[in-house]
Asker: 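Below you'll find the structure I mean.
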Amino acid sequence: MTATPPPLVVEGLTTSIRLDGRLHHVVRDISFEIRAEETLALVGESGCGKSMTALSVTGLLPPIASVTSGRILVEGVDMVAASEKTREDLRGDRIGMIFQEPMTSLNPVLPIGFQVGEALMRHHGLSKKAARERARELLELVRVPAAAERLDAYPHQFSGGMRQRVMIALALACRPSVLIADEPTTALDVTIQAQVLALVADLQKREGLAVLLITHNLGVVASVADRVMVMYGGDVVESAPVKAFFDRPTHPYSQALLAAMPRIEGDGQLKPIPGQVPPLTEMPSGCRFQSRCPLRQEICDRLPEMTPVGGDPEHKVRCWARSE
Amino acid sequence: MSASSSARRNTVASRALRSPGLAFGFVVVVVMIVAALIAPWASPFDPDAQDVMLVLSPPDTTHLFGTDAFGRDVFSRILWGARISLTVGFLATAVGVVIGTVIGVVAGYYGGVIDRLVVAATDVLLSFPQLIMGLLLVAVLGASLTNLVIAIAVTAVPAFVRLARGSTLAMRERDFVDACRSLGYSDLRIMFLHVLPNILDELVVMASLWLAAAIRTESTLAFIGLSVPPPTATWGGIVREGFDNLLDGPWLAVFPSLAILAVMIGLNLIGDGLRDASDPRAPQ
């Protein structure tokens with residue numbers, strides 16, 4: 001570890017949605033930090049608060065949601081306390097973001113080269129010509145073939161994988177220190193997924209990026225993440241180095257997630273997690289997983305603390321049944 | 001620009017070129033514009049010069065379209081009248097498109113209270129028929145070139161507000177707008193650099209149809225005497241004079257009417273052709 005603070009530090013982040021005049025927490029008191037060159041994977045089902053966490057970090061929450069407490073430090077600047085202007089300046093410059101849908105995340109009527117260069121004109125005040133030149137370099141960096149000729153091409157002339165590369169070039173144009181990747185490979189087919197992930201990993205090393213990877217694909221987690229955070233109902237229920245997570249998944253929800261993943265060995269039966277995430281208005285008090293948990297007990301009505309397990313201070317679980 | 005990059009434009013352009021209606025409409029409108037531009041040199045007579053010896057003379061080789069009740073050359077008056085009609089039409093449409101688009105994009109992008117106010121105001125304005133609205137405004141402001149442009153532009157604004165707002169609403173939900181926000185782009189940049197180019201094709205099509213409507217409104221106002229006051233020649237004004245002398249000199253009403261008709265048909269053909277050419281669902 002270096003002496004400089006990690007590019008992204010989140011402390012006690014709580015994000016709430018106002019429904020019928022009542023506040024419902026969609027992200028509850030989560031804390032984490034990501035160091036340079038480190039990848040933190042955020043996993044969980046749809047509706048568990050992964051994307052809300054990412055949107056909180058970038059300050060792009062929908063109008064009904066807001067960060068109600070906590071600090072989000074991007075290179076030491078608190079995004080929560082900062083003005084909208086400051087947040088706008090940091091987005092795209094210090095924090096890059098790539099999205100799930102490369103097919104629709106580029107503007108269909110503007111040439112690729114302009115779109116990649118635009119971030120540089122916006123944040124670094126580059127001239128049109130300089131931005132175009134830098135856009136060509138960036139397209140080469142993300143290995144778009146014949147980059148120079150493709151500067152004037154439009155998004156519809158690119159395949160999904162190529163468009164995701166362009167999105168990566170866009171996100172990294174201003175050389176941010178934090179990259180948020182929200183399901184970056186979900187819409188791509190498997191061979192392209194591997195290429196895109198390898199590209200991200202490569203660029204991460206080159207640029208020293210702190211990557212927050214949001215995914216529900218545990219295969220992707222196993223191949224690129226350094227640490228894993230499992231979220232359920234807005235709570236972090238388990239946090240562990242990637243190896244410990246796959247060797248000793250401890251929270252019942254983590255175990256259920258892994259059991260629901262297809263494997264080559266075994267009897268070929270997937271074990272779905274019974275039930276579904278309860279709606280926000282019907283979240284149980286205490287541990288939110290209790291309504292689907294095989295290990296439920298009386299005490300689960302109170303929320304357990306994150307407790308280290310197996311003598312590893314990095315591996316923490318939020319479960320009464322699992323804390324020794 | 002490389003060959004592949006201009007592919008999209010090429011398809012729209014080549015589709016447009018292959019549409020005979022659009023090409024014909026384009027030629028008609030261009031001829032009219034050129035005629036208006038060269039009127040000072042091309043008109044054989046001073047449009048306002050009266051000749052009492054030649055009152056209501058039918059078309060012949062000297063006076064191509066005949067003369068009116070004051071002995072003025074109708075052909076020259078139609079050329080000069082094109083200047084008024086086309087100027088008012090283009091200016092009013094341009095002003096209406098720009099103002100309407102800005103208001104519509106902003107309302108659609110931000111939504112909320114701004115949007116509701118804009119929609120309410122638009123609905124009120126649109127409930128007046130275009131002609132009544134124009135008539136009302138000219139009557140209040142007084143008949144002059146500037147006031148005509150203002151009055152007709154005002155009637156065009158709500159239509160473009162409504163179109164731009166609707167299209168922006170649909171665009172706002174697209175992923176690339178979120179991507180723009182994640183890059184720290186300001187609302188202003190997103191609205192006018194990213195959303196606007198995506199809705200421009202619809203606006204252009206509608207503008208060409210509104211251009212026809214604006215010219216028609218100007219002619220109608222001129223017909224009831226609310227355009228630029230005489231003796232300045234306007235198409236509607238000449239039709240009015242022809243109407244008064246319909247039995248003695250039918251050509252007086254026929255020729256300016258034909259000019260109006262030609263421009264209407266030309267602009268509508270352009271509008272339809274552009275719409276078909278820019279419609280991705282249309283057969284190639």
Side-chain angles (χ1 to χ4, degrees), chain A residues 54-55 57-60 62-63 84-116 118-123 146 148-158 163 166-167 170-171 173-174 176 180 182 187, chain B residues 1-13 101 105 108-116 164 167-205 277-281 284:
Chain A
L55 293 176
V57 171
T58 51
L60 290 174
E84 181 52 37
K85 176 83 184 78
T86 311
R87 276 201 289 261
E88 219 171 77
D89 286 342
L90 287 172
R91 278 202 293 271
D93 188 30
R94 301 293 83 218
I95 315 173
M97 191 159 178
I98 49 183
F99 294 88
Q100 184 168 357
E101 280 296 339
M103 302 309 275
T104 51
S105 296
L106 288 164
N107 191 334
V109 302
L110 296 176
I112 294 292
F114 174 78
Q115 294 194 54
V116 175
E118 189 184 2
L120 290 156
M121 296 192 250
R122 153 72 177 87
H123 289 289
E149 286 103 87
R150 310 217 71 182
L151 285 174
D152 294 313
Y154 288 86
H156 76 274
Q157 295 165 303
F158 283 67
R163 278 190 230 187
V166 173
M167 287 306 297
L170 245 169
C174 297
I180 296 174
D182 191 353
Chain B
M1 190 173 279
S2 74
S4 68
S5 66
S6 47
R8 184 175 181 275
R9 271 170 221 181
N10 275 347
T11 10
V12 174
T101 302
V105 169
Y109 184 81
Y110 284 111
V113 183
I114 309 173
D115 186 42
R116 264 174 303 183
S167 308
T168 305
L169 272 181
M171 278 303 147
R172 194 181 62 173
E173 303 304 324
R174 299 271 293 266
D175 289 338
F176 73 82
V177 172
D178 289 334
C180 284
R181 300 216 301 143
S182 85
L183 287 164
Y185 296 168
S186 63
D187 290 335
L188 213 61
R189 178 184 283 267
I190 298 175
M191 281 189 278
F192 294 104
L193 222 66
H194 287 270
V195 171
L196 187 59
N198 276 285
I199 65 173
L200 208 58
D201 50 350
E202 293 167 67
L203 290 167
V204 168
V205 170
S278 65
D279 183 359
R281 286 176 300 274
Q284 291 277 329

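Just so we're on the same page: letters track the sequence lines, and every chain starts at 1. This is a predicted model, so every value here is computed, not measured.
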Asker: Regarding E88(A) and K85(A), does a basic nitrogen lie under 4.0 Å from an acidic carboxylate oxygen?
Answerer: no
Asker: Can you pull out every salt bridge (Lys or Arg N to Asp or Glu O under 4.0 Å) where at least one residue sits in residues 183-197 of chain B? Sequence neighbours excluded, please.
Answerer: E118(A)-R189(B)
Asker: Against chain A, label L200(B) side chain, backbone, both or neither, depending on which of its atoms sit under 4.5 Å from a heavy atom there.
Answerer: neither
Asker: How long is the span from the CE atom in M171(B) to the CD1 atom in I199(B), to the nearest 0.5 Å?
Answerer: 7.5 Å
Asker: Sort out for me which of M97(A), R122(A), M167(A), H123(A) touches chain B most, counting heavy-atom pairs under 4.5 Å.
Answerer: R122(A)
Asker: Could you point out which residue of L170(A), T58(A), L60(A), L55(A) forms a side-chain contact (heavy atoms from CB on, under 4.5 Å) with S182(B)?
Answerer: L60(A)
Asker: Which residues satisfy the ring-ring contact (aromatic ring centres under 6.0 Å, His included) test with Y185(B), sequence neighbours excluded?
Answerer: H194(B)
Asker: Does any backbone or side-chain atom of M103(A) lie under 4.5 Å from a heavy atom of chain B? Answer side chain, backbone, both or neither.
Answerer: neither
Asker: Determine the option with the most heavy-atom pairs under 4.5 angstrom with chain A, choosing from L193(B), D178(B), V195(B).
Answerer: L193(B)
Asker: Counting only heavy atoms closer than 4.5 Å, note whether D89(A) contacts chain B via side chain, backbone, both or neither.
Answerer: neither
